[in-house]
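Quick notes on the structure that follows.
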Amino acid sequence: MYAPKHPGPRVGSATVYLIVGLPGAGKTTRAKELETSASALRLTPDEWQIALFGERNPSDKRDLVEGKLVQLGMRAAELGTNVVFDFGFWGKDERSALRWIAGTVGARSQVVYLPIDHEEQRRRVTNRFATTPAQTWHMSDGELEQWRAQFQAPDDEELLGSQIPPVPPEHTTWSEWASQRWPSLPDQYAPTAAISRNSTEP
Ligand SMILES: Nc1ncnc2c1ncn2[C@@H]1O[C@H](COP(=O)(O)OP(=O)(O)OP(=O)(O)O)[C@@H](O)[C@H]1O
Ligand SMILES: [Mg+2]
């Protein structure tokens, strides 16, 4: 349940960037640009996953890593630091949940979508695995196709930062939804007087 442990947010002072796209779309490249241009804290789960688990890339551990990075990043945003979540965010619900949580900590949010077609994606991931194998994993053609079928591209409302959809009916809040999606993320976010700020700045 809600149990804020820290003093209230410095309202509206930070932007949370949600980087959306398939493998090879250029997410980490863009996240590093924002790290510099927006003085943002960049949170790239792949770097943690590789450091902790190497080649194995276990998906259950990934959810735990991501949850702690969400908690860390949202606290940084609450303290006024811009944050880049370099996660991919294939699902609309994931994006809605983090946009909502960003609002509860007094931050703006911006969905940054990097589309990529299959041929270019295959070219990039093949080239990257050949040149920097320690920073990535092998990805087969079959995997790339399967992931593309699962991916939900952001719609205009998300890209423009307009209304956040209601939480699915079996959940009470997006905070609770997020704590189930990322089990290491506490269900600790609740709306305050200043919520749901979004940014459409570039
Ligand atoms: N705009 C671009 N044009 C051409 N090549 C690019 C562009 N952006 C990134 N790349 C190259 O494509 C490859 C993949 O980029 P990057 O690692 O940023 O993708 P990613 O979306 O983070 O992938 P992953 O989901 O696997 O982490 C890299 O070799 C990078 O140098
Ligand atoms: Mg990446």
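In each ligand, atom 1 is the first atom listed, and ligand 1 is the first ligand listed. We count residues from 1, following the sequence as given. Computed from a predicted structure; not experimentally measured.
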inquiry  = Below a 4.0 angstrom heavy-atom separation, can you tell me which part of Met139, side chain or backbone, both or neither, approaches ligand 1?
reply    = side chain
message = Taking Leu64's backbone N and O only, do any of them form a donor-acceptor pair with Ser184's side chain (distance below 3.5 Å, no angle check)?
response = yes
task = Verify the distance criterion only: is there a donor paired with an acceptor across the side chains of Thr172 and Glu176 at less than 3.5 Å?
result = yes
ask   = Hey, is ligand 1 close enough to Glu120 that some N/O pair sits below 3.5 Å?
value = no
Numbered atoms and elements of ligand 1 in range of Leu22, under 4.0 angstrom, heavy atoms = 21 (O)
query = Between the side chain of Lys92 and the main-chain N/O of Gln152, is any donor-acceptor distance below 3.5 Å?
reply = no
Student check: side-chain heavy atoms of Thr136 and Asp46 closer than 4.5 Å = no
message = To check your reading of the model: name the closest protein heavy atom to atom 28 (C) of ligand 1, its residue, and the distance in Å.
response = Arg128 CD, 4.2 Å
Contacts of Lys32 that satisfy side chain to side chain donor-acceptor pair (under 3.5 Å) - sequence neighbours left out = none
ask   = Just by distance, do the side chain of Ser162 and the backbone of Glu157 share a donor-acceptor pair under 3.5 Å?
value = yes
query = Where's the contact between Asp46 and ligand 1, heavy-atom distance under 4.0 Å: side chain, backbone, both or neither?
reply = side chain
note = Within a distance under 2.8 Å of the Mg ion (ligand 2), the protein atoms of type N, O or S are Thr28 OG1
query = Which protein non-hydrogen atom lies closest to atom 31 (O) of ligand 1, naming both residue and atom, and how far is it?
reply = Thr29 OG1, 4.4 Å
query = Does some non-hydrogen atom of Ala25 fall short of 4.0 Å from ligand 1?
reply = yes
query = So is Gly24 in contact with ligand 1, going by heavy-atom distances below 4.0 Å?
reply = yes
key: Shortest protein contact, atom 25 (O) of ligand 1 (heavy atom only)   = Lys27 NZ, 2.6 Å
request  = Would you mind checking which non-hydrogen protein atom is closest to atom 19 (O) of ligand 1, with the distance to 0.1 Å?
outcome  = Gly26 N, 3.1 Å
ask   = Charged N to carboxylate O below 4.0 Å: is that the case for Arg124 and Glu120?
value = yes
query = Between the side chains of Gln121 and Arg148, does any donor sit under 3.5 Å from an acceptor?
reply = yes
task = Give me the ring orientation class for Phe151 and Trp90: parallel if the planes are under 30° apart, tilted from 30 to 60°, perpendicular past 60°.
result = perpendicular
ask   = Parallel under 30°, tilted from 30 to 60°, perpendicular over 60°: which one fits the rings of Trp174 and Trp177?
value = perpendicular
task = Check the side chains of Asp86 and Thr44 for a donor-acceptor pair under 3.5 angstrom, ignoring hydrogens and angles.
result = yes
key: Residue and atom name of the nearest protein heavy atom (relative to atom 2 (C) of ligand 1), distance in Å to one decimal   = Arg124 NH2, 3.5 Å
